[in-house]
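What follows is a short report on a single structure.
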Amino acid sequence: MKLIIQIGIIVTMNLSAVDLNLLVAFEALLEERHVTRAAERIGLAQPSMSSALRRLRALFGDELFLRAGAGMQPTQKALALAAPIGEALRQIRGALAPDQSFDPSTARRRITIATTDYGDLVLVPELTRLLRTEAPNIDLAVRPLTDATAALAKLERAELDTLIGGHLPDSPRCVRHRLFEERFVCIRDATRANGSERLSLEDYATLPHALFSAAGGDGLPSVIDALLARHALKRRVAVTLAHVVAVPFAVASTDLVATMAERIARRFTEVADVAVVTPPFDLPDFAIDLIHTRRAAEDPALRWFLGAVSRSAGRLRH
């Protein structure tokens with residue numbers, strides 16, 4: 001009912017006074033919350049976007065966007081208009097689109113994603129096989145996802161098509177899909193593991209550890225340190241590595257132990273002489289998510305690609 005009332009606000013206006021380009025500018029300003037970035041997004045010069053904002057304020061009788069720090073914050077009126085204007089533009093774009101059909105077998109497209117080392121090693125190979133089979137003319141560009149906040153900003157500016165990884169931040173302008181859950185295991189030199197399926201708590205605390213940390217700090221394993229502290233134990237991190245792919249080769253033929261995501265660990269057993277063993281305590285699982293903007297629904301090629309990611313992830317759930 002609230003949405004119907006809000007749509008009514010627009011319908012009862014003098015439509016001859018409404019320039020559709022103003023509504024497109026409103027949408028860009030609402031999502032970017034920055035005049036210059038909004039202008040770049042829809043191909044306007046910054047003075048033209050400022051002029052559009054003045055016209056929008058006159059049209060709706062409200063300031064709509066107020067300066068706040070380096071950006072702009074929407075007023076309550078702007079937030080109330082967001083849903084009806086967004087829905088109106090979605091329907092108009094759908095009506096004007098010449099052909100919404102999409103044939104992946106013949107389509108030519110470049111799609112850019114950002115993902116973590118985990119995504120590179122686990123999901124991207126499966127996704128690549130699917131693309132080469134079903135969409136051989138679609139090119140995939142994979143960017144490193146090291147700063148999740150910066151990557152999310154690039155996604156919102158349409159510099160990226162999707163983000164894939166764990167512990168990704170939320171955004172009201174984006175949609176999150178859960179791909180699957182991941183759990184932690186340990187790896188040891190295969191000879192030293194000697195067929196063991198689980199590490200004892202004493203061995204886990206006594207053995208020197210190899211740690212992957214892209215940021216160069218202690219990273220997520222601080223959760224492990226907290227669990228050890230409950231037992232009045234402390235581990236020694238003997239080697240800290242900046243690339244996860246280096247971990248199994250550091251562990252192989254040494255007394256080191258490492259804790260890592262299970263799907264990566266099991267991949268490593270195929271290329272390094274390491275064995276997967278169960279940690280001595282339960283570690284919290286974490287989710288691998290796919291994030292894209294709400295605008296993706298308007299792009300047939302991107303809709304298909306998102307489905308391809310989900311299908312690739314489905315093959316990894318078992």
Side-chain angles (χ1 to χ4, degrees), residues 3 6-7 10 18-44 48-49 52-53 56 64-65 71-74 78-104 107-115 127 131 135 138-143 145 148-165 168-179 289-310:
L3 180 58
Q6 292 169 348
I7 292 175
I10 299 174
V18 179
D19 179 349
L20 264 181
N21 291 322
L22 289 181
L23 301 186
V24 174
F26 174 88
E27 179 186 58
L29 285 164
L30 186 70
E31 295 195 358
E32 297 296 340
R33 306 196 180 190
H34 191 281
V35 172
T36 302
R37 289 201 301 265
E40 291 173 351
R41 174 173 153 181
I42 62 176
L44 287 180
S48 297
M49 178 59 82
L53 178 55
L56 281 164
L64 296 178
F65 298 94
M72 305 189 80
Q73 289 299 316
L79 293 173
L81 289 167
I85 288 178
E87 177 62 19
L89 289 175
R90 187 192 68 77
Q91 293 189 27
I92 291 169
R93 286 168 178 146
L96 295 178
D99 184 6
Q100 289 295 312
S101 63
F102 175 74
D103 183 356
R108 293 184 177 275
R109 179 72 178 265
R110 181 180 178 85
I111 292 176
T112 304
I113 70 173
T115 189
L127 177 60
L131 290 176
I138 290 183
D139 298 329
L140 179 65
V142 182
R143 307 293 186 225
L145 201 170
T149 301
L152 185 64
K154 289 183 178 181
L155 178 67
E156 293 173 341
R157 294 197 300 269
E159 296 175 23
L160 296 168
D161 292 308
T162 68
L163 305 182
I164 299 172
L168 298 177
D170 288 317
S171 166
R173 296 183 286 280
C174 295
V175 179
R176 179 187 299 266
H177 299 285
R178 179 65 43 84
L179 295 177
D289 293 330
L290 165 70
I291 295 181
H292 61 82
T293 64
R294 299 184 185 280
R295 297 188 302 275
E298 301 166 11
D299 184 334
L302 196 48
R303 284 203 308 270
W304 180 87
F305 177 77
L306 296 174
V309 173
S310 294

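Nearest approach of Ala148 to Pro169, heavy atoms of both residues: CB-CD, 3.6 Å. Across all non-hydrogen atoms, the minimal contact from Ala151 to Leu160 is O-CD1, 3.7 Å. Of all heavy-atom pairs between Asp299 and Arg109, the closest is OD2-NH2, 2.7 Å. Taking all atoms of both residues into account, the shortest heavy-atom contact from Ala141 to Arg110 is CB-NH2, 3.4 Å. Smallest separation of non-hydrogen atoms from Ala114 and Leu145: O-CD1, 3.6 Å. Residues Gly71 and His34 share a closest heavy-atom pair of CA-CD2, 4.3 Å.
With sequence neighbours excluded, the residues that form a side chain to side chain contact (heavy atoms under 4.5 Å, CB included) with Ser171 are Leu152, Glu156, Arg173, Cys174. Remark: Asp289 pairs with Arg176, Arg178 by the salt bridge (charged side-chain N to carboxylate O under 4.0 Å, His left out) rule, at least two apart or across chains. Contacts of Ser310 classified as side chain to side chain contact (heavy atoms under 4.5 Å, CB included), with partners at least two apart in sequence or in another chain: Leu179. Every residue two or more places apart in sequence or in another chain that forms a side chain to side chain contact (heavy atoms under 4.5 Å, CB included) with Arg294 is listed here: Val175. Remark: Arg143 engages no residue in a salt bridge (charged side-chain N to carboxylate O under 4.0 Å, His left out) (not counting sequence neighbours). Pro74 is linked by a side chain to side chain contact (heavy atoms under 4.5 Å, CB included) to Leu30, Arg33, Phe65, Ala78, Leu79, counting only residues two or more places apart in sequence or in another chain.
Atom-to-atom distance recorded for Phe26:CZ and Ile85:CD1 is 4.0 Å, nearest 0.5 angstrom.
Under the side chain to side chain contact (heavy atoms under 4.5 Å, CB included) rule, Thr162 has a single partner from Ile291, Thr293, Leu306, Ile111, which is Leu306.
Inter-residue side-chain proximity for His177 and Val309 is flagged as unmet; no heavy-atom pair is nearer than 4.5 Å. Within the 4.5 Å cutoff, no side-chain heavy atoms of Asp161 are placed close to those of Phe305. Under the 4.5 Å side-chain criterion, counting only non-hydrogen atoms from C-beta, Glu32 is not in contact with Glu40.
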I would like to know whether Glu27 and Leu89 meet side chain to side chain contact (heavy atoms under 4.5 Å, CB included); could you show each step before the answer? CA-CA 9 Å; Glu27 179 186 58; Leu89 289 175; 3.9 Å; yes

For Met49 and Ile42: C-alpha separation, side-chain torsions, deciding distance, then whether side chain to side chain contact (heavy atoms under 4.5 Å, CB included) applies. CA-CA 9 Å; Met49 178 59 82; Ile42 62 176; 3.4 Å; yes

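Relative ring orientation between Phe102 and Trp304 is described as tilted, the plane-to-plane angle lying within the 30° to 60° band.
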